[in-house]
Amino acid sequence: MDLNDTPEQAAYREQVRAWLEEHKSEAPVLEGPDALPEDQVVDAHRAWQRKLAEAGLAGATWPKEYGGQGFGPIEQVIISQEIARARVPGILDVIGVGMLGPTIIAHGSEDQKSRYLGPMLHGDEVWCQLFSEPAAGSDLAGIQTRAKQEDGGWRLTGQKVWTTNAQFSAYGLILARTDADVPKHKGLTMFVLPMDAEGVTVRGLRQITGDAEFNEVFLDDVKLDDDMVVGQVGNGWGTALTTLMFERVTIGFGSEGLGYRPQRFAEAIAGDEAAVRDGDVRQRLGHITTELLAVRFTSYRMLSALQQGQIPGPEAGLSKITTVNASIAACDLVADALGPDALREDTDSQLSYHTSFLPGLKSAGGTEEILRNTIGERVLGLPPEPRLDKGIPFSELRAKEKEAAAR
Amino acid sequence: MDLNDTPEQAAYREQVRAWLEEHKSEAPVLEGPDALPEDQVVDAHRAWQRKLAEAGLAGATWPKEYGGQGFGPIEQVIISQEIARARVPGILDVIGVGMLGPTIIAHGSEDQKSRYLGPMLHGDEVWCQLFSEPAAGSDLAGIQTRAKQEDGGWRLTGQKVWTTNAQFSAYGLILARTDADVPKHKGLTMFVLPMDAEGVTVRGLRQITGDAEFNEVFLDDVKLDDDMVVGQVGNGWGTALTTLMFERVTIGFGSEGLGYRPQRFAEAIAGDEAAVRDGDVRQRLGHITTELLAVRFTSYRMLSALQQGQIPGPEAGLSKITTVNASIAACDLVADALGPDALREDTDSQLSYHTSFLPGLKSAGGTEEILRNTIGERVLGLPPEPRLDKGIPFSELRAKEKEAAAR
Amino acid sequence: MNLELSDEQQFLRDAARDALSRTKTIEAARETLDGGARPDLWPTAVEAGWAGLLVSDENGGAGLGAFDAMLVMQEAGRRLAGIELLGHLPASALLDTGGYAGIEAVAAGERRAAFVGAVPPGDLDPEWTVDSVSGMSRAPAPTFDGSTVTGEVAWVVDAPGADVLVVVAVQDGSPVAVVVEDASVEDVFRYDPTRRLGHVRLEGAAATPLQADVAAIERAWYLAQALLAAESVGAVEACLEMAVAYAKERFTFGRAIGSYQAVKHGLVEIMRRGENAKSLLYYAGWAHASGPEEFAIAASACRSAASDALDYAARENIAVHGGIGATWEHDAPLFFRRAQLSRRLLGGTGASIDRVAGELLAGSAPGPVAPEGPTGAAATAVEG
Amino acid sequence: MNLELSDEQQFLRDAARDALSRTKTIEAARETLDGGARPDLWPTAVEAGWAGLLVSDENGGAGLGAFDAMLVMQEAGRRLAGIELLGHLPASALLDTGGYAGIEAVAAGERRAAFVGAVPPGDLDPEWTVDSVSGMSRAPAPTFDGSTVTGEVAWVVDAPGADVLVVVAVQDGSPVAVVVEDASVEDVFRYDPTRRLGHVRLEGAAATPLQADVAAIERAWYLAQALLAAESVGAVEACLEMAVAYAKERFTFGRAIGSYQAVKHGLVEIMRRGENAKSLLYYAGWAHASGPEEFAIAASACRSAASDALDYAARENIAVHGGIGATWEHDAPLFFRRAQLSRRLLGGTGASIDRVAGELLAGSAPGPVAPEGPTGAAATAVEG
């Protein structure tokens, strides 16, 4: 057991640190009082990603032939740690480089790889993930966006939701139903969607916070050529699973990835003598800290396993559950300690923002219930719930549901 | 809205109080340093029940023709309150008089009523409830005790469990399967079981506390005549529901009936200055007290509804959930405040006893999960879970389960 | 014993529901959050006669009880109606019994009052204190010198725009309730668009003392707690209805989500908490009318149960709705905002819970003699 | 970075599992509760070499680290083995570095040691304190006058029958670790038959000081916390196995109960808590070896997570089993008893949680620089 770098890792860390030291003055300021004007943020961030990519600090785990370094996860973590240490932003397109690029590497055609991966890595073309729909969240395979085949291509109609970055993306990876007459997991296909195609409309979706953290994307008879299919027609679910596996790795990093650190909450109350001396405040803070520290070391365990070539299982979702719930408890604690003043929305503290934002995060990336189901069944080997949708053609299933809801 | 007695109720209360004042010296001492020797407790308690019955203070809600007073629930509560106030025991056979007698009144033959109700009310014959089995707890209708018909009677074989008072009961009301070839709720029949019948064995069942609070009852080819059937053959489930409805009323009285009062826990820690000043201890005590006070007023609401002739719904189970969980939290709090000393088993404080006893109580009278299911479906109108056992003959069901478990 | 609502109470409740349904209060809350004007519901309250609810007949009021006022608050809570009764009602009760000359205008709602209360001493803290602008450290109650009052009270509910402030202050160590008609109130907005809050700053403001003993002043504080509780209970019921309806119509994996135990049990938990809080409203209502020595613990228990229930209900409502429940256009976030701010008002929920513990530890025996159930014993509940 | 167990660690763990499986420890616990004799497992510990686990090579020990000791404790916890290592190991570490003459006999297990520790000062309490016989009010640590030690320490784990006590006392305001070989120890039994507890009473008992600075004395205290945590993690794993197995074989309404969400999610919650605690064992092990300034927060977090996880697991295990899980013949109650008593030992779990908060508020930055995940940003986790 060793948390320290091997000599090779230490050397690599030194190299990354040196590059960042030299270039950090070129990094854009995205937050705080010196932040760039909002309308310059995306372009500045994009330019910074290009520099990181040129230095080999973006997509380090991608194979060399597609512009990566062919590194393992530890080196990627070293990059992330050093970026955090230098207090500069990471890349702009974490969804593309972290999840969608790897999906194209695994399932895309050679033409797709050579066309899309380079611009993605360099931030020239940002990507978004178009999976979720209003009626397909927890039950992701219940996708209703239809793709009808026609000569040499497809026509897509439907609606996607919870799409991060759609407002400035060049492309999206979209999951659509190409066959409604087979059971629901079987009739799906994955496509590349140019976001500027005719019939694509992006609309910001305001959250409880008042900000549009996500988008809705509407598709009205959007034409796609055959060469936009990723993987095989009808195998969209299998392709999506690859994306979700990479998402899982990210989720496994829980509070670390989400930036909810215990100090942040402690600092908020440390100035109030009565709070610091209150037994209830201290117990709650101690509990929250314990949970968030545990997530940190769970992520090290996962990283260690990744490094040994193991694929993380669904238990990675536990870190997301822990992080979200502990962070919710922390916001609650701070508001109890500071009173209504903790809920002011016109400051930099972001506590009020997180108070509003976190309840929605409970449902993102799989609700807690779905995660617990999956872990119970796949990891603990518990029997599944009876499934009423198994083997039933999708079109029939919808009709049944409508009927049941009407009762 | 009025919590006070009407003039009639006040007059009745006065009358009960006067009787108790006059006779309380005759009441047995069942607990504490002056308690009777253990082997005299049951007989003394039985004699006391007889006196209460003769004074009209047992089974007051029973119809007059069966020895009751034909009163409503408020008068019964007045009796219970005055008994508590006088610090004397109530009746011995609360299960018989409270639940099984009313079941016989509702479903029994005239012969059964005239034979059994009188001695039950007077404590001459104590009764026990023989429903639960090792494999039929939450899923009570899954009963496996078989009753095979033969000339003029039945032969019963099987095992019952969690039977309170079986060790000194004269009779039991027993639910058995008379037909395994119909779906499980349909093949059941209720019988009167003389506890001294040949083939009946009672064995104390020790709990986590070390005491045998319950019994197991084994039935080995026990012969019962036809006149022991209560209600109709095959309608045992319907008969059992009557018993369970009366049980629900009792459960609805939650902490009151169970005797978990907030003062009791407060007293345990009030002497420790550090505990009294600790913010965490105070928050926890405040929460627990709030929950237990709520149960008290929920019981008043139920009583008020009962008095208007309404039958309590499954939501009465919420009081049991609240009481048990709040009491568990209270024991936990006291042990946190007092340290290991709270767990000594050789004192009168009973805190250690309750610490051990309460986890088992979670499952008694319906697990929390079953109660929440029922309330969700019957009160909130939520759709039921898919049922895999519906309409399937009992014998087939068992075979299926065995097969599934073996997988 | 009879806990059924009387015919008059049912009428009062139904009339409140009807009157409040005429304004789109929830939609208005969302618009206010987006910068729109706050709807003025005070005329509705005046028309319905709620301003004088707790004022005696002879002073032009309806002479009703705390429980009746709670019924109205419950309806207001159900619709997130930003009506100024939470501040007005406790103030009006003190003005009524305190010999205030302008009481009839207050009862008629021509003059709106607000209660600038203080937390009574507890088993550990001998002082009267008020909420400070930030932090758990509490501020001393304002001081009264016989003619003027000085001090600062933060987060006073319904203070902005009130014509009359009833301020709890301390004179020579004893509490007094004084009337201030010309105070400096800083209008502050925090998180919940339905709530009017003010920081009241008094620097030698002219003040007239009311006839009110310590018990009456304490009683007003706990009345405010009970009214806030009632308002929260109404909001819990609204959340439960919303979540149950969605759980019946939303399908995943071929089943309505309400058929899954995780969802079902969560909804039952909203109900459990809501019903507990509701039972405690009866306790507070009874204690206000007939058991004054228990009103402190009853109102505090009621407030803490209701605040916690609403916090739970608002969060669960969002969770049951999934992602959509956290969007701007949905009603669930408005209830969430209400829950979060309400928890921190009037001393904060934690202080109410602490008060319950303090009262219990100090030996106030809560509750009248309790029934032990028709069959009177524990064992029945444990029979399988 | 590599958190995999080394081959030696895997061997140590497997050997422990094997050695402990030779005694029916769980059955023995039940019999002890019923008045039977407590099995003596010390010979097993001696034979396996655990007595000298933390003693350096040159003093006849194995010279292993805290994490290795935790692996052994985890196996002991899994089987409720009442082995006296929790008292012995921290004591042996102090004796090893403190220049104790009889260290080789201690390393060989010929003489069993017990640690009579004290809670180090925190951000609010400047004193060294020990557990008192009853209540939250803490007692001062014993005092040392240069040759004798006086004071009373309650609920000392493994003290009865120990040959050597290592007592943390205070001399002129500074902590010292002293060796006492002739102490009065009252054997006390509380609730968990597998645990040997003693009230240690020292009235001018002859004592020899060890060479141990404040850091070493604090370190011994937190080592005890980490070992208790490891033991609890093992018990959590046992509860989880037991409950999962039953959930697969018990049927209600035609389905295995493990297929119901309420049961399934509860079992996953045991796992979540157990895995969190297990991750913190790594933290404590790492901090003991390489991050001494974080050992206090790491061990305290680890102990609190593990104690809470075991409490939850033991209760859930009973609940999943239904009525049968609360009967005398079942193993579940024995784990429950273990959980309840363990929570209250060595200062109590609440004190550990408080210490985590105190360390954080005092500004000890926990944890090495943390990875932000391979893709390094929050947004990915929120993508539907």
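Letters go in sequence order (proteins before strands), and every chain restarts at 1. What you see is a predicted model; the values in this text were computed from it and never measured.
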Distance only, no hydrogens: is a donor on one side chain within 3.5 Å (strictly under) of an acceptor on the other, for [X] and [Y]?
| X | Y | answer |
| --- | --- | --- |
| Ser304(C) | Ser352(C) | no |
| Glu231(C) | Gln74(C) | no |
| Arg303(C) | Tyr222(C) | no |
| Arg264(B) | His354(B) | yes |

Legend entry - Electrostatic pair Arg284(B)-Asp280(B), nearest N-O below 4.0 angstrom: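 Result for this pair is yes, salt bridge flagged.
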Legend entry - Neighbourhood of chain B inside residues 238-256 of chain C, taking heavy atoms under 4.5 Å as contact: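 Answer by number: Leu240(C), Val244(C), Ala247(C), Lys248(C), Arg255(C), Ala256(C).
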Inset, instruction - Take Arg343(C) and Asp308(C), measure what salt bridge (Lys or Arg N to Asp or Glu O under 4.0 Å) needs, and give me the verdict at the end. - result: CA-CA 8 Å; Arg343(C) 280 177 79 65; Asp308(C) 284 351; 2.9 Å; yes
Inset, instruction - List the atom of Gly72(B), the atom of Thr61(B), and the distance in Å for their closest heavy-atom pair. - result: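 Nearest pair, atom of Gly72(B) first, then Thr61(B): O-CG2, 3.7 Å.
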Inset, instruction - Please look at Ile78(B) and chain C and tell me whether the side chain, the backbone, both or neither of the residue comes under 4.5 angstrom of a heavy atom of that chain. - result: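 When you check distances to chain C, no heavy atom of Ile78(B) falls under 4.5 Å.
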Inset, instruction - Answer with side chain, backbone, both or neither: which region of Val379(B) has an atom nearer than 4.5 Å to a non-hydrogen atom of chain C? - result: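 Side chain only.
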Inset, instruction - Give the member of Gly291(C), Ser259(C), Ala301(C) that has the highest number of heavy-atom pairs under 4.5 Å with chain B. - result: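 The candidate making the most pairs under 4.5 Å is Ser259(C).
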Legend entry - By salt bridge (charged side-chain N to carboxylate O under 4.0 Å, His left out) - contacts of Glu369(B) (at least two apart):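 Glu369(B) satisfies salt bridge (charged side-chain N to carboxylate O under 4.0 Å, His left out) with no residue once adjacent residues are dropped.
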Inset, instruction - Count the heavy-atom pairs under 4.5 Å between each of Lys160(B), Glu315(B), Glu213(B), Arg282(B) and chain C, then report the option with the highest count. - result: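 Between Lys160(B), Glu315(B), Glu213(B), Arg282(B), the count favours Arg282(B).
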Inset, instruction - Between chain C and each of Pro383(B), Ser363(B), Gly376(B), count heavy-atom pairs under 4.5 Å; write down the option with the most. - result: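 Looking at each of Pro383(B), Ser363(B), Gly376(B) in turn, Pro383(B) comes out on top.
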